[in-house]
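Notes to accompany the following structure.
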2 protein chains.
Amino acid sequence: MKIEEEIKQNKFYSEYQKLAINILFTNQWLTANTTKILKPFGISPQQYNVLRILKGQSPKAISVSNIMERMIDKMSNTSRLVEKLRQKELIERVTCEKDRRQVDVKITKKGLELLEKVKTEMNAFKTISDNLTEKEASTINDLLDKMRG
Amino acid sequence: MKIEEEIKQNKFYSEYQKLAINILFTNQWLTANTTKILKPFGISPQQYNVLRILKGQSPKAISVSNIMERMIDKMSNTSRLVEKLRQKELIERVTCEKDRRQVDVKITKKGLELLEKVKTEMNAFKTISDNLTEKEASTINDLLDKMRG
DNA sequence: TAACATTTAATGTATATACATTTATTTAAT
DNA sequence: ATTAAATAAATGTATATACATTAAATGTTA
């Protein structure tokens with residue numbers, strides 16, 4: 001459905017302004033879908049993002065600031081997210097011996113298992129791949145990168 | 001800068017997964033920029049969205065649910081946003097006489113003036129139009145619409 | 001080495017958000 | 001007309017978020 005209809009606005013100041021709004025709207029659509037899928041697993045999209053970062057480094061541990069650098073939303077509060085995941089036993093946290101300011105974080109077996117289950121559900125949400133060719137997806141990726149400069 | 005570098009992840013499961021992450025990241029980038037511009041004016045991006053909707057209808061008043069339908073983020077809590085804007089005297093709120101459940105909301109002169117000032121600042125943030133041609137912006141718009149199905 | 005700067009992570013705080021529930025009013029059905 | 005259903009908006013509540021500040025450890029330099 002065209003963005004004009006989605007938000008009942010049939011005129012935009014420019015194609016650029018429309019693009020900004022379209023990105024905000026599409027983000028909202030995507031996040032809502034992801035949140036719904038993750039809800040039964042008891043984690044938020046941000047927590048999911050942290051888990052995936054840790055899986056990417058597994059079985060290595062990485063520091064909190066290292067996680068932050070890799071996060072989609074850099075401004076968020078990584079310490080608290082990590083603590084939430086620790087409470088659920090999805091990750092482990094150990095103070096780094098070489099530099100006692102740092103905290104080494106590592107995904108647990110339980111965390112990896114959760115990601116496996118989530119993957120199945122995420123695969124079920126295949127609207128994007130149903131509606132776009134791989135070439136089209138690639139085109140958007142290139143243009144978004146270009147847009148941010 | 002390519003999304004791979006932005007989040008230090010050099011491999012993606014698919015071009016579709018990369019697209020999902022790219023949209024989340026670009027949204028974050030866009031929202032952070034907008035928030036910064038709006039901050040001196042004392043309003044959040046969501047409040048700005050409501051003001052723009054009301055400007056679009058001005059001098060007509062529209063109901064809270066009518067605003068909600070036009071919002072980018074439909075799940076948000078329009079009542080409270082409207083109340084915040086009323087406290088700042090940027091909008092007016094009157095109970096509808098024909099249907100006393102409804103509340104008619106209208107942007108004030110002060111609200112319109114604020115939008116004018118914001119516009120100047122928003123125009124200064126022209127990264128998008130600097131980096132993309134109008135045709136490219138249009139291409140993304142069409143593909144995002146297609147993607148959501 | 002003492003004083004200061006920087007880095008890393010945690011915490012404080014105000015606001016925002018998602019989602020469920022409640023309240024008031026109007027519409028529909030028996 | 002009385003009861004039930006539907007709608008509009010507001011509120012409750014737990015969590016998330018942005019951003020500033022603090023605390024602890026490490027680096028730097030005079």
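First the proteins, then the strands, lettered A, B, ... as listed; each starts at 1.
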Handout entry: Lys/Arg N to Asp/Glu carboxylate O, B:E83 vs B:R86, below 4.0 Å
Key = yes
Exercise for the section: Report which part of the nucleic acid B:K36 touches: base, sugar-phosphate, or nothing (heavy-atom distance under 4.0 Å, all strands). Expected result: nothing
Practice task
For the pair A:E15 and B:K135, find out whether any cationic side-chain nitrogen is under 4.0 Å from an anionic carboxylate oxygen.
Solution key: no
Handout entry: Base D:dT7 to side chain B:R101, donor-acceptor N/O within 3.5 Å cut-off
Key = yes
Exercise for the section: Could you let me know what D:dT28 is paired to, Watson-Crick or G-U wobble, both distances under 3.5 Å, or none if it's on its own? Expected result: C:dA3
Exercise for the section: May I ask you to evaluate whether A:K98 reaches the phosphate of D:dA25, defined as a side-chain N or O under 4.0 Å from OP1 or OP2? Expected result: no
Practice task
Let me know, please, whether B:V82 or A:K84 comes out on the 5' side of the other along DNA chain D by nearest nucleotide.
Solution key: B:V82
Handout entry: Euclidean distance, atom CD of residue A:Q102 to atom C1' of C:dA10 [Å, nearest integer]
Key = 15 Å
Fill in the blank from the handout: Between A:I43 and A:E97, the residue closer to the 5' end of DNA chain D by nearest nucleotide is A:I43
Fill in the blank from the handout: Rounded to whole Å, the CG-P distance (A:L81 to D:dA18) equals 10 Å
Exercise for the section: Check whether any side-chain N or O of A:S79 sits under 4.0 Å from OP1 or OP2 of C:dA10, and answer yes or no. Expected result: yes
Exercise for the section: Answer yes or no: side-chain N or O of B:R80 and base N or O of D:dG12 forming a donor-acceptor pair under 3.5 Å. Expected result: yes
